[in-house]
Amino acid sequence: MPELPEVEMVARRLRELVVGRTVVRARLLRPGLAPAHSPPQFARWLRGARVDEVARRGKHILTHFDNRRTLVTHLRMTGRFLLLPAEEPDPAHTHALFWLDDGRRLAFTDQRHFGMMLIARRDELARAEPLRRLAPEPFDEEFTPAYLREALGRSSRPLKVVLLDQTRVVGLGNIYAAEALHRAGINPRLPARRLSTHRAEALHREILAVLAEAISAGSTLNADPRDLDAGYGGGGAERGWRVYDREGQPCFACGAPIRRFTQGARSTYYCPGCQRR
DNA sequence: ACTAAAGCCTGGCTGC
DNA sequence: TGCAGCCAGGCTTTAG
């Protein structure tokens, strides 16, 4: 489940592997992946384009080309990039292919068809969907405790649910939202508008810490460079989550059994001892 | 301006 | 053992 740190890792690896390369041929195999474009148009816009830069905005990967267009990719749940030698067959669930000028090709696979791609003019990106309404990046100066409190301040919804709203805070998914709340000692059911200034500071600090630690853990993995998403395989226990996917297991801080309940149609994990209010 | 819920999708798991 | 049905979950859309 790629959230900001995992998407950051994919973007970094993609950057190492494809910046400077030219797409000699592109093919959209499943039109639903990029519903705004016809497959021929998709192919035409990328053919002959050289990759200038790979960036990230929230959970979106931005591949900027020298033709002033940008390929926006959202991995959603199961989207992944794979760099393949020329002779290797297409992997299962391949929905887009990009042949590079060094003979290799980049495949986009997506078992569950949640991922999406869009090609937009680079100079219109920030004003266009799907980036237009995104909150500031957590590591930008703009993202301060005051911003956080302001962004959450009007909502009566549970804090955990609002943290997943990418127009308020960008980059958190179900795992890091739960982890940040646990680290800050805040109950996930707290109505967002009831977050005090003091606790907003703690939450702000822990959001940054949990994201930074995950990025740093991922960047030290010694993985196969062809494996673009190495760094986020594995389940909760292996990744060392404090609450996520640990229902019934003792909290590392206080020993109370971690609890799970449904919030906004997804599982929330928390510690009843550390996150009383 | 806000909130809630359905829908998208497939594979793995649960319970009968 | 077989299989229906549930669950995972990021995000958009629709309805209220």
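Chain letters run A, B, ... following the sequence lines, proteins first and then strands; every chain starts at 1.
A:Arg57 places its CZ atom 15 Å from the C1' atom of C:dC11, with the value rounded to the nearest Å. Atom CG of A:Leu4 and atom P of C:dC11 are 10 Å apart (whole Å). Following rounding to the nearest Å, A:Arg133 (CZ) and B:dC2 (C1') show an atom-to-atom distance of 12 Å. At whole-Å resolution of the value, CZ in A:Arg193 and P in B:dA1 are 16 Å apart. Summarising the geometry, the separation between CD on A:Gln263 and P on C:dG10 is reported as 13 Å, rounded to the nearest angstrom. We find that CZ of A:Arg76 is positioned 18 Å from P of C:dA8, with the value rounded to whole Å. One can place CE of A:Met77 at 14 Å from P of B:dG12, the figure rounded to the nearest angstrom. For the pair A:Arg30 CZ and B:dT10 C1', the computed distance is 12 Å after rounding to whole Å.
Side-chain atoms of A:Glu6 and A:Tyr176, non-hydrogen and from C-beta on, do get closer than 4.5 Å to each other. Counting heavy atoms from C-beta on, the side chains of A:Phe114 and A:Thr78 never come closer than 4.5 Å. Between A:Val72 and A:Ile61, the closest side-chain pair of non-hydrogen atoms is not below 4.5 Å.
For A:Arg260, the listed nucleotide lying nearest its side chain is C:dA8; candidates were C:dA8, B:dT3, B:dC9. Comparing C:dC11, B:dT3, B:dC9 by their closest approach to the side chain of A:His113 singles out B:dC9.
Residue contacts shown for A:Thr78 are absent, as no nucleic acid heavy atom lies under 4.0 Å away. Note on A:Arg132: nothing from the nucleic acid sits closer than 4.0 angstrom, heavy atoms only.
Between A:Leu134 and A:His60, the closest heavy-atom pair is CD1-CD2, 3.9 Å.
Under the stacking definition used here (centres under 5.5 Å, planes under 30°), the residue A:Phe114 qualifies as stacked on the base of B:dC8.
The shortest distance between the side-chain N/O atoms of A:Ser267 and the OP1/OP2 oxygens of C:dC7 is not below 4.0 Å. Close to B:dC2, at under 4.0 Å from its OP1 or OP2, lies no side-chain N or O of A:Ser156. Contact annotation: A:Arg266 reaches the phosphate of C:dG10 (side-chain N/O to OP1 or OP2, under 4.0 Å). Neither OP1 nor OP2 of B:dT10 sits under 4.0 Å from any side-chain N or O of A:His93. Residue A:Gln111 places none of its side-chain N or O atoms closer than 4.0 Å to OP1 or OP2 of B:dT10.
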Can you check ring-ring contact (aromatic ring centres under 6.0 Å, His included) on A:Tyr270 and A:Phe261, steps first, answer last?
CA-CA 9 Å; A:Tyr270 78 110; A:Phe261 68 103; 5.5 Å; yes

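Here A:Arg260 does not pair with A:Asp245 in a salt bridge; the nearest charged N to carboxylate O distance is not below 4.0 Å.
Where A:His60 and A:Tyr269 meet DNA chain C, the nucleotide closest to each residue was compared, and A:Tyr269 sits on the side nearer the 5' end.
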Enumerate all atom pairs, one protein N or O and one N or O from nucleotides 14-16 of chain C, separated by less than 3.5 Å.
none

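A:Phe81 and A:Phe98 have tilted rings, their planes meeting at an angle from 30° to 60° on a 0 to 90° scale.
A distance of 6.0 Å or more separates the ring centres of A:His93 and A:His113. In this structure, A:Tyr147 has its ring center no closer than 6.0 Å to that of A:His204.
One end of the helix from B:dC2-C:dG16 to B:dC16-C:dG2 points its axis 60° away from the other end's axis, with each axis taken from 5 pairs and the angle rounded to 10°.
Using modelled atom types, no side-chain atom of A:Arg21 and backbone atom of A:Val51 make a donor-acceptor pair closer than 3.5 Å.
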